[in-house]
Amino acid sequence: MVIRRLSYLLDREPDTDSLRLQPLRPPGRTAAESSRAEGETPHDLLAQVEQVIALTHRGTSHGVLSCSRLPAGGSLLCNGRTDHEHPGAPRQFIDVVHLPAGAAGFDRVWPIDTWRSRSWDAPAPADGNQLPAPEGHFDRPLLVRFAREQATRVAPFLADVRRLWADPAGRQIVVAEEDPETVAHWIALACASLPEHLARQLTFVTRADEPHDAPQQIVGIGPDAAFDRHDPLLVQHLYRVHDALGGPGSPALPDPWAELTAALWQAGTPPVPLAAAASSSGTTRAADPFDLAALVPALLRLGTEPGERLTTLHSDSLRTVVATLASAARDQTQGAPAVEELTRVCQELAKHCSEHVTDPLALALAKRRLAAALDQDTKLRHDPLVGLPLGEAAQRALRAEFGSHFDEGLGRRLRGPVSTWAGPLHLALVLHGHQGAGVQDAVDKLVRVLLHPYGSESADAVAVLNGVGHQGLNRLVLEKLAVKTAGRRSDLLKDLLMSPQGDWVRSHLKAAPPSVALVDLAVRWSGPPHRLRGIALFTKLAEPAAPGATASGAGDPATLQTLWWLVWGSGQPERTHFPHLVRICGAEAILAADLGTRFLPWLTSPGRFDRELVDFAHAVHRRAGLGGRERATAELLVLADDFARTSGAPRDVVDRVGELRRAARPADEVWDGVQQMLARGFAGLTPLDLYQSGALSHLANAEPALQRHYRHAVQAEYADDAQVSRMAGRPDAVADLFFVWRRELTTSSREWHTNVEELLRGTLGVVLRRMNEEQRGAVANQLLKRSQSWLQSWLRWTNETTTGGGGDTLIPGAPATYTPGHGQLQPAPHVPGQPPPPKPGELPPLPQRYPPGYSPSHPPPPPYPKH
């Protein structure tokens, strides 16, 4: 096939400004040779050549290079050069090279390589078959620098270049640059990125003043081109515009091939162009010219950087690239080095991406490894899945495909020596997690071996656990150890901890149940140099594990059971230590640990009354298995404690207490504690509730101890100065208390009257000191409403209390008649129309409604009023 070289003069008529294209004889060629060359050139080809020149090079300056495809086949390479004889003239010479399809020499030169080649100005050889010398100097180092300078624009540009072949009617690419040299760089970058056969089919023009008429795929324009770079119709629908002149350009479209190729350019390892494949007919074709698999070798050459560089891709593009890498991993023709590189890429990628992105590649590599592991099951020496970032979805897929095979393999290994279990066990953990039947069998057998720490395989079991290094497996083994050594079997765990294998248990105590750590503490504190025993050892072991924590591990029933056995075994602590045990562990935990029966003798005969005894009674009184006396004692304590806190239903409490006392036959210290709680409940009743509920009658006839506890409970409230002040401001409450306490009952013990007088003196006597005359008078009025006798009783009691017959006050803490350091206390000024204030030591004047003839100096006789 002949490469034809032609020359034209492109000019305009001076008068009409119409385009004029005139064929020229190339320099150095005779007229006869030119005529012969023109005669050999078909007229339709000449017409096509002239049409391309007219559309592409009109109005452009010199130095424009274009490459076009002709309908008849082949390519047309046109170069515009200036007229050196008439510089500045509006004309240019167009040198044309027609490159027929398959022309010799074209396979070694890209058309863009002839950009500004000096051979365009040199005379063509006579045969016209010489191509212009490739002097564009667009070598790979230059294009790498250019791609890095234009980093953000490379991928969108290459995406549009690929679309030129995806759609036969693909939109032209318009590259707007200040300098045509930059456009030439973009064209060279496209050719270097495309497969070889497509790079030679690419058409372009480095600068067009009227780009709408240019037929090339890539059209370079300058600032003065007849092209509106801000027109949305042109930019978004008709052309793909890449604007470096300040225009918006076309929106970028994601493309995996373009983004990956751009990343390779940035990394300095551009892809090797894909060579065309030969078909059976002898023609060349590309199976998939943009197959991402062709980029895998270049990707693997990126060293440790591909994972980080791939994260810059669009998410859809990244998934497509990972799918391509996964396909390469499944390819059995890939050798071990390539698979190792893919594994490294997967690991690096997992540092920057989620498992949803990396799972396809990790799964492909895992399946390849597991298939190989199945072939060498009996010879497996390492974990085939180590280093692969497998997500949950990938693990489910592996379980579905390989789970049954590896379960069978693990089952066979568990029937053999312990030292061979590590590999299959780890695979089963990865494939099935903690719930697999094979894993549970392995845990049971490992625990069984460990609990014989001086057996021949105990050290092998620890080696398996260390070799697998799986936290879930370690936790399962420790939990099973805790179950197998709970309570009375804790000695087995002590033996393990005292053996060389105990170091493995201690190194994983953070993942162990509390009872395991407890046994380890017992070994340390009961041995030298501490040698703790009994309650001292129990208290030490029950201390909170974490600094600053308040909860004790002994509150856990299983832990408490083990702790009890470690300290006392089948023995029993001293009875005086039971309150301390309840305080540390809690009564509910003691019962949950099945230790309640050990506390029942303490319940009925504690030796002393403690709050912990009541707490234990609350926890145990409804439990089954109690004897009659034990249950009655617990219910008696609960009844008294509830009444002490609520003062509720006093009549029912009074009725129930006697019945429970007879059934419980409580020890003296228990009954005294019950009476203290009952007394607090009675003290919490209002005066009227105390009387109307029958509790007053019960108190009046009760044992002296209950009356004494009641008196102390009531008087304890009046030790509070605020309570005394409140009562002083409530004359009605004072009157009610006086009425209830001094009321003559049908029956009462001799001690009750003495208690009443002490109650009045220690409570109302203290309040009376704080009351003013108006408040005292209000109390008298309240009692007068009940009867004249109650008024007289009140006045007589207050007179006796304040004077004691000898003028000395009997009220504790009565105020002095003067303030130390402030002189004699002065009486309040007299208010006209009111009775004069009483003199010091005298009672206030009686209200006018007091009975006629009554005199404070002649009080009524002392007997209590009868009602």
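Note that the numbering runs from 1 along the sequence shown for the chain.
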Test your reading of the model: is there a side-chain donor-acceptor pair from Arg524 to the backbone of His530, 3.5 Å cut-off?
no
Tell me if a side-chain donor or acceptor on Arg629 pairs with a main-chain N or O of Ala664 at a distance below 3.5 Å.
yes
Is there a donor-acceptor pair under 3.5 Å between the side chain of Arg631 and the backbone N or O of His621?
yes
Does some side-chain heavy atom of Trp741 sit less than 4.5 Å from a side-chain heavy atom of Val714?
yes
Quick one: sort the Trp564 and Trp568 rings into parallel, tilted or perpendicular, breaks at 30° and 60°.
tilted
Ser526 side-chain N/O to Arg531 backbone N/O, donor-acceptor pair under 3.5 Å:
no
Can we call the ring centroids of Trp790 and Trp794 under 6.0 Å apart?
no
To the nearest 0.5 Å, what is the distance between CZ (Arg680) and OG (Ser647)?
10.0 Å
I need the Ile590 CD1 to Leu595 CG distance, nearest 0.5 Å.
7.0 Å
Under a 3.5 Å distance rule, please check whether His508 uses its side chain to pair with a backbone N or O of Val505 as donor and acceptor.
no
Within the structure provided, determine whether Glu703 and Trp671 are in side-chain contact (heavy-atom separation under 4.5 Å).
yes
Using atom types as modelled and distance alone, determine if a side-chain donor or acceptor of Gln707 lies under 3.5 Å from a backbone N or O of Thr754.
no
Among Arg730, Arg742, Arg786, whose salt bridge (Lys or Arg N to Asp or Glu O under 4.0 Å) with Asp736 holds?
Arg786
Any side-chain heavy atom of Tyr710 within less than 4.5 Å of one from Asn755?
no
Counting N and O atoms only, with roles assigned by atom type, does the side chain of Arg651 sit under 3.5 Å from a partner on the main chain of Gln692, one being a donor and the other an acceptor?
yes
So that I can tick it off, tell me whether Arg656 and Glu659 are bridged by a salt bridge, with the cut-off set at under 4.0 angstrom between side-chain N and carboxylate O.
yes
Give a yes or no on this: more than 12 heavy atoms of other residues, nucleotides or ligands lie within 6.0 Å of atom CZ of Arg622.
no
How long is the straight-line distance from CZ of Arg611 back to CZ of Phe616, given to the nearest 0.5 Å?
14.5 Å
Find the distance between CD (Glu612) and CZ (Arg583) and round it off to the nearest 0.5 Å.
4.5 Å
When rounded to the nearest 0.5 angstrom, what is the spacing between OG1 in Thr576 and CZ in Arg608?
7.0 Å
Any side-chain heavy atom of Leu637 within less than 4.5 Å of one from Leu613?
yes
Atom CZ in Arg665, atom OG1 in Thr604: separation rounded to 0.5 Å?
9.5 Å
Heavy-atom count around Asp668 CG within 6.0 Å, excluding the residue itself: above 12?
no
Step-by-step side-chain hydrogen bond (donor to acceptor under 3.5 Å, both in side chains) determination, Gln440 to Asp444:
CA-CA 6 Å; Gln440 295 299 324; Asp444 291 340; over 6 Å; no
Please answer whether the main-chain N or O of Leu497 pairs with a side-chain N or O of Asp520 as donor and acceptor at a distance below 3.5 Å.
no
Report yes or no: does Gln561 contribute a side-chain atom to a donor-acceptor pair with the main-chain N or O of Asp594 at less than 3.5 Å?
no
Sub-3.5 Å donor-acceptor pair from the side chain of Glu669 to the main-chain atoms of Gly607, do we have one?
yes
Could you go step by step and tell me if Arg533 and Glu574 meet the salt bridge (Lys or Arg N to Asp or Glu O under 4.0 Å) rule?
CA-CA 12 Å; Arg533 297 290 185 272; Glu574 296 180 15; over 6 Å; no
Are Val766 and Arg769 close enough that some pair of their side-chain heavy atoms sits under 4.5 Å apart?
yes
Can you check side chain to side chain contact (heavy atoms under 4.5 Å, CB included) on Arg575 and Ser605, steps first, answer last?
CA-CA 9 Å; Arg575 191 162 301 184; Ser605 182; 3.6 Å; yes
Kindly check if the number of other-residue, nucleotide or ligand heavy atoms within 6.0 Å of CZ (Arg645) is above 12?
yes
Got more than 12 heavy atoms from elsewhere within 6.0 Å of OH, Tyr691?
no
Among Arg711, Gln715, His753, which residue meets the side-chain hydrogen bond (donor to acceptor under 3.5 Å, both in side chains) test with Glu758?
Arg711
